[in-house]
Amino acid sequence: MITRRKMLGMLAGIPALLVLGCEGNGERASCKAVQLHDEHDCALCGMTVVAHPGPKGQVCLRDGEILPFCSTGDLLSWAWQPESAPSIEQMYVHDLSLTGWDSPGDDAWMDAEEAWYVVGHERRGAMGKPPAPFSVREDAEAFAGEHGGRVYTYRDLDWDIIRPPEDGGPH
Ligand code: ZN
Ligand code: CU1
């Protein structure tokens with residue numbers, strides 16, 4: 001499933017209607033993003049998700065359970081562990097094309113694998129400087145112009161990119 005979505009990510013430049021044709025949008029009714037509240041602790045580090053600025057994430061597992069993450073960085077760090085991948089149904093991140101950095105809203109979730117990510121910027125989130133997701137490439141480029149960093153597709157991201165050595169590596 002992830003591999004297939006990654007393939008779809010490669011086609012990000014093609015209008016969405018063409019890409020989505022084969023099996024709907026793959027999103028189950030039970031796998032919508034949820035509203036985050038102050039009892040959601042990050043599934044990776046345990047921090048209270050809503051207590052910190054910056055784009056956050058949530059994963060819907062195949063059994064319908066939602067795992068919240070304090071930051072896009074923690075979401076990816078969890079999702080890229082080999083034992084995590086088989087349980088993932090859908091991954092969401094805050095779309096900074098629609099919401100702000102300091103208090104991203106629950107009405108602005110997008111498919112994590114379809115976002116453009118700015119990495120290497122200077123804005124702080126819950127854990128270091130989390131990859132900044134945007135649905136609109138031009139918004140990502142404008143953010144990078146203002147705050148530094150480079151723009152990547154989900155498919156282009158890897159460990160070396162999201163955890164550069166000069167940032168101190170994994171916590
Ligand atoms: Zn966390
Ligand atoms: Cu944390």
Side-chain angles (χ1 to χ4, degrees), residues 1-2 5-6 9 27 30-135 140 143-144 147-171:
M1 181 60 83
I2 293 308
R5 290 234 172 82
K6 280 198 152 189
E27 188 181 303
S30 61
C31 250
K32 299 284 189 204
V34 301
Q35 285 206 321
L36 295 179
H37 55 70
D38 57 12
E39 288 181 5
H40 279 126
D41 296 330
C42 177
L44 191 70
C45 74
M47 287 164 56
T48 301
V49 173
V50 297
H52 304 274
K56 303 161 190 6
Q58 48 182 293
V59 170
C60 181
L61 302 180
R62 290 184 179 280
D63 64 6
E65 183 188 354
I66 295 284
L67 298 183
F69 292 89
C70 68
S71 60
T72 51
D74 272 14
L75 177 144
L76 297 174
S77 296
W78 179 86
W80 290 352
Q81 293 171 29
E83 60 272 28
S84 301
S87 65
I88 298 172
E89 173 73 20
Q90 183 80 35
M91 301 191 293
Y92 295 102
V93 292
H94 274 125
D95 176 4
L96 295 177
S97 288
L98 297 178
T99 191
W101 183 274
D102 291 331
S103 187
D106 279 321
D107 53 351
W109 294 103
M110 68 171 294
D111 184 335
E113 296 174 52
E114 293 180 358
W116 301 91
Y117 291 89
V118 181
V119 180
H121 60 76
E122 63 188 11
R123 295 212 74 179
R124 293 214 160 264
M127 304 290 278
K129 300 163 182 171
F134 294 85
S135 57
F143 181 93
H147 302 290
R150 280 190 54 196
V151 178
Y152 300 86
T153 62
Y154 176 83
R155 165 181 69 93
D156 289 333
L157 293 176
D158 62 27
W159 286 106
D160 291 339
I161 292 170
I162 70 164
R163 291 280 160 87
E166 62 266 30
D167 251 17
H171 323 270

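Only this structure's heavy atoms are used, side chains among them; waters, hydrogens and symmetry mates stay out. Order of appearance sets the numbers: ligands from 1, and atoms from 1 within every ligand.
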Please find out if the Cu ion (ligand 2) and some N, O or S atom of H52 are separated by less than 2.8 Å.
no
Indicate yes or no: at least one non-hydrogen side-chain atom of Y92 is less than 4.5 angstrom from one of I66.
no
For the pair K56 and D106, find out whether any cationic side-chain nitrogen is under 4.0 Å from an anionic carboxylate oxygen.
no
Just give me the atom name: the N, O or S atom of D74 closest to the Zn ion (ligand 1).
OD2
Need one value: angle at the Zn ion (ligand 1), C42 atom SG versus C45 atom SG, rounded to 10 degrees.
110°
Tell me whether the Cu ion (ligand 2) has M47 as a neighbour, meaning an N, O or S atom of it below 2.8 Å.
yes
pair F69-V93: side-chain heavy atoms closer than 4.5 Å
no
Any chance you could measure C60, atom SG, to L67, atom CG, to the nearest 0.5 Å?
9.0 Å
